[in-house]
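All of these numbers come straight from a predicted model, not from anything done at the bench. Per chain, numbering begins at 1; letters A, B, ... match sequence-line order.
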Amino acid sequence: MARLSLDHVTKSFADFDAVKDVSIDVADGEFLAVLGPSGCGKTTLLRLIAGFEKVTSGEICIGSDLVSNSGGSVAPEKRRVGIVFQNYALWPHMTVAENIGYSLKVAKLDKAVARRKVEDALALVNLQGMGERRPANLSGGQRQRVALARCLVAAPSLVLFDEPLANLDVHLRASMEDEFAAFHKRTGTTIVYITHDQAEAMALADRIAVMDHGRLMQLATPRELYHEPANEMVASFISQGILLPADVLSSEDGGHCKVRVLGTELVVRCRPGERPRAGAKICCRSADLDVSPDGLGFDGLVKRVVYQGGAARIEFAPAAGPDLTLHFEQPDPVTLESGAQARLRIKSGWLIPAAGTAP
Amino acid sequence: MATRIRESRGQEMALTAVVAVVIVLFSLLPMLRLIKEIAAPGGTLSTVAVEAGLRSQATWIATWHTLVVGIGGTLLAVLSGTAVAVLVSLTDIRGRSALVLCYVMPLMIAPQVTALAWLQLFGPASPFLKLFGAAPPLGTKNPLYSTSGIILLLGVQYGPLVFLLVRAGLRKLPRELVEAARAGGAGWFTVLVTIVLPLMTPSIMAAAALAFVSCVGNFGIPAFLGIPANYLVLPTLIYQKLAGGGPAVLGETAFLSVLIGVIAMAGILAQEGMSRRRDYRISSTSLPAEPYELGRWRPVVQAGMWLLIVLVLFLPLFGLVLTSLVPGYGIALTAKTATLDNYRFVLFEHDAANRAFFNSFWLSIAAAFFAVVVAVPVGYLIAWGKQRWVRLLNLSVELPYALPGVVLAIASLLLFLRPIPLTGIQLYNTVWIILYAYLARFLVLALRPTISGYHQIDRALEEAAQVAGAGLFTRMRTIIFPLVAPAAIAGGLLIFMTALSELTVSALLWSSGSETIGVVMFSFEQGGDSNYAAAMSVVTVAVTFVLMLVTNLLAPHLPSGALPWRD
Ligand SMILES: Nc1ncnc2c1ncn2[C@@H]1O[C@H](COP(=O)(O)OP(=O)(O)O)[C@@H](O)[C@H]1O
Ligand SMILES: [Mg+2]
């Protein structure tokens with residue numbers, strides 16, 4: 001089992017920084033998801049860890065070994081990591097069993113032992129008896145399983161996944177997700193799992209690293225990411241958070257403070273030590289909004305009502321900030337109509353920490 | 001400041017070093033040697049060699065001839081190749097794969113065989129014309145012994161080359177562009193002239209440049225058709241000088257060969273310049289356009305195409321076979337006179353011919369084998385290498401092939417005229433100098449398909465082996481070689497077919513005992529023994545044809561376009 005640590009890792013292609021000053025510590029046996037929009041540098045980060053790319057600056061350690069810094073890089077074949085590639089990367093000229101047994105053959109393991117290990121790995125991913133098939137004759141889900149088995153068989157202490165479910169259909173995705181979770185539980189391997197799918201990351205990971213434009217935005221548990229985003233990017237990226245301008249009116253007290261939002265006063269959750277300031281932002285979720293039952297709240301215009309079965313998605317422009325769009329769900333019976341005036345209230349929210357403050 | 005990490009990149013360094021040695025030895029060294037001979041003959045900088053070359057009248061005449069047949073042959077090849085490519089790619093003509101196979105076939109036949117076949121068809125001794133009693137009286141000049149004869153055959157030989165490049169371009173033509181024009185009311189011919197051909201300009205230019213280089217460097221056709229009429233082009237002038245003067249005139253021929261190189265390069269540069277003038281890039285990729293329905297014209301067009309193929313392929317080959325069955329010059333072929341004696345003679349009795357078959361076979365096998373073995377690692381570095389200088393590699397490997405064979409042959413002569421320093425090994429006047437030149441010349445034929453093979457393989461396949469713990473050599477052996485082998489081997493077979501009846505290089509490098517098939521064929525023809533030359537040609541064409549069929553079996557495992565004759 002291995003700890004993985006990245007220390008101020010930067011990777012530049014020509015003058016473009018694909019990964020910039022990223023520091024992450026992954027504990028033994030932890031399941032870390034790396035989440036971010038397409039092109040934010042996730043794959044590059046994974047290839048740096050695997051050793052396919054050399055760091056421009058910073059250090060990477062696997063276990064107690066320094067494997068990458070600006071002075072050099074341990075070759076991928078010497079790092080003892082496993083990778084499950086997005087497109088599986090099964091060797092078409094080998095059978096399933098040969099694919100899985102490849103690393104054992106390279107390590108010159110005794111043939112009988114190797115064969116048993118391959119059998120075990122096949123059983124582990126429910127592919128008993130498929131060893132003699134060619135990868136071309138397998139379905140997408142089966143190929144994914146073979147790729148997983150191939151990576152497991154060498155019992156690597158660190159396993160990297162690069163969007164492993166992106167090429168599968170929705171039903172298969174759910175079942176493979178369960179399988180990955182079970183695999184992690186059973187083996188206790190340290191896992192770094194790249195994805196652009198929030199639900200996947202939330203469902204699987206112990207902690208999630210959110211990236212944007214090559215930078216690490218926040219590294220936290222799924223719960224913390226949702227409830228206490230560290231900055232505006234994370235707040236709006238996770239579950240389509242709504243950002244609203246706010247002025248902080250009171251200092252933090254018991255994890256809460258008073259703010260003024262859209263002309264109304266409100267108590268929101270916040271970090272310890274917050275002080276009154278202007279130009280702040282709060283993040284609230286659609287579940288935090290509803291039609292004001294008691295007349296308290298702020299007025300605005302209903303822009304659009306999209307009925308989605310059982311509830312309607314409402315888009316709302318507050319009078320105090322007509323350029324903002326708030327969205328929330330109103331369960332049946334839907335009373336709002338597009339073009340109508342309404343009064344909403346915000347039930348709770350999170351004060352986004354000022355930029356540059358440590359967590 | 002940073003801690004040093006042990007990288008263990010020994011295997012990668014070893015591979016790079018071996019590749020670098022191969023490139024220097026087979027590509028840079030001969031070119032540098034040739035340049036030295038021109039710029040500094042005898043070791044000191046001087047312009048003596050250049051001046052001597054420029055003063056000679058023969059140089060100017062041969063240069064003029066080279067340009068005339070080069071440009072003429074290129075025009076013919078571009079016109080015919082483009083026309084056939086358009087008809088085959090954009091219309092609903094039937095029997096496409098058979099058409100492509102037959103039309104491309106002349107490219108697989110050595111130029112001197114093409115020349116011989118056509119000569120046999122039209123000469124006064126033509127057994128074919130005699131079948132109808134239409135042969136001109138003995139002693140009449142063969143109409144192909146002329147400028148237009150040479151241009152015609154160059155066009156026939158390299159039309160398929162143009163065809164292949166233009167067809168590749170047409171396959172990438174997005175159908176939206178054609179459909180948009182037709183929706184705008186343009187008829188098929190208007191679309192062709194205003195949309196398709198302009199967009200195909202880069203392909204056609206590139207094809208023209210390649211055809212031009214091939215035409216000016218061609219030796220077999222002007223040797224068979226031009227020498228009897230005393231119509232010399234630069235390659236044949238070099239041949240005559242060397243045959244008459246031996247090593248003493250090497251300096252003079254070096255100048256001539258560089259002159260050919262310069263003409264060829266000028267053609268390539270002209271193409272570069274012209275295609276840079278306008279932007280013809282096609283941005284989107286999509287399905288190819290629906291074929292145009294020829295309707296009632298289809299039978300006519302189809303008949304026309306097959307007539308063309310009968311004319312450029314079947315008739316000449318038929319003439320060749322007839323000649324090989326005739327017992328002697330000028331004798332009419334009848335059931336009674338037909339004989340296999342010519343075959344018996346060249347295959348079993350004539351010593352030089354026997355040696356030639358033996359030499360050509362093992363030379364071709366060696367060249368093909370070497371090229372396949374080298375193409376895999378060189379292709380790896382070029383296609384997947386991270387170092388930028390490696391891309392220069394590509395250029396330096398292409399160079400010996402882009403330059404006419406004569407240039408490389410002269411460079412090899414210069415390089416090995418004296419024993420190799422330190423070792424005292426003498427390659428000059430042995431078969432080994434031919435092998436050297438073949439290795440240098442043909443490597444790129446295996447490299448190109450191998451590189452396109454690499455580009456079609458997902459790099460992750462190698463990376464997966466890397467994380468499984470496999471070092472570079474293990475990956476090469478177990479993952480990379482099996483994956484690119486079909487493409488590399490197809491390239492190897494291409495080399496074998498080309499080298500088997502190669503003439504340009506070996507005509508300048510052969511010596512007694514190291515004859516090749518091409519050389520013996522040539523001397524039979526020069527000595528008036530066309531029947532023997534024809535018999536040898538038929539044997540090599542048959543071998544080539546069988547190999548093409550065998551290679552077809554590999555087709556399902558090949559990147560598309562690896563086999564030129566497959567549609
Ligand atoms: N080898 C490379 N050379 C230049 N730019 C690269 C290279 N690899 C990735 N990039 C760039 O780095 C950025 C991040 O890419 P990537 O890590 O693949 O993103 P993600 O996996 O998050 O979608 C992209 O803008 C991409 O174009
Ligand atoms: Mg990616």
Kindly give the heavy-atom pair with the smallest separation between B/V467 and A/I83, and that separation in Å. CG1-CD1, 3.6 Å

For a 4.5 angstrom cut-off between non-hydrogen side-chain atoms, does B/L483 reach A/P92? yes

Which region of B/R475, side chain (C-beta onward) or backbone (N, CA, C, O), has a non-hydrogen atom less than 4.5 Å from a non-hydrogen atom of chain A, or is it both or neither? both

Taking every heavy-atom pair that is under 4.5 Å apart, which of B/Q466, B/E462, B/R459 has the most such pairs with chain A?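 Option with the top pair count is B/Q466.
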
Does the A/W91 side chain pair with the main chain of B/L461, one donor and one acceptor, at a distance under 3.5 Å? yes

Which atom of B/I479 lies closest to which atom of A/M94, heavy atoms considered: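 In terms of heavy atoms, the two residues are closest at CD1-CE, 3.5 Å.
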
Turns out that what part of A/R47 lies under 4.5 Å from chain B's heavy atoms comes down to side chain

Please check if atom CZ in A/F183 has more than 12 non-hydrogen atoms from other residues, nucleotides or ligands closer than 6.0 Å.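 Yes - once you tally the heavy atoms of other residues, nucleotides and ligands closer than 6.0 Å, there are more than 12.
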
Side chain, backbone, both or neither: which part of A/V67 has a non-hydrogen atom closer than 4.5 Å to chain B?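 The backbone, not the side chain.
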
Please flag which part of A/N99 lies under 4.5 Å from any non-hydrogen atom of chain B: side chain, backbone, both or neither.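 A/N99 has no heavy atom closer than 4.5 Å to chain B.
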
Portion of A/F52 that has a non-hydrogen atom of chain B nearer than 4.5 angstrom: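 Contact with chain B involves both backbone and side-chain atoms of A/F52.
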
I'd like to know which of A/R150, A/H93, A/R79, A/Q86 tops the heavy-atom pair count under 4.5 Å against chain B. A/H93

For B/A468 against A/S103, the heavy-atom pair lying closest together: O-CB, 3.3 Å

Atom CZ of residue position A/R143 - does it have more than 12 heavy atoms of other residues, nucleotides or ligands inside 6.0 Å? yes

B/G469 versus A/V106, closest heavy-atom pair with distance: O-CG1, 3.4 Å

Could you look at A/L104 and say if it's the side chain, the backbone, both or neither that has a heavy atom under 4.5 Å from chain B?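 When you check distances to chain B, no heavy atom of A/L104 falls under 4.5 Å.
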
Could you check if a side-chain atom of A/Y88 sits within less than 4.5 angstrom of a side-chain atom of B/D458, using non-hydrogen atoms only? no

Distance-minimising heavy-atom pair for B/A464 and A/A89: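 B/A464 and A/A89 have their closest heavy atoms at CB-O, 4.0 Å.
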
Tell me the closest heavy-atom pair linking B/T478 and A/Y102, and the distance in Å. OG1-OH, 2.5 Å

Would you compute the distance between atom OG1 of B/T474 and atom NZ of A/K108 and round it to the nearest 0.5 angstrom? 6.5 Å

Heavy atoms from other residues, nucleotides or ligands near CZ of B/F369 exceed 12 (cutoff 6.0 Å):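 It does not: B/F369 CZ has 12 such atoms or fewer within range.
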
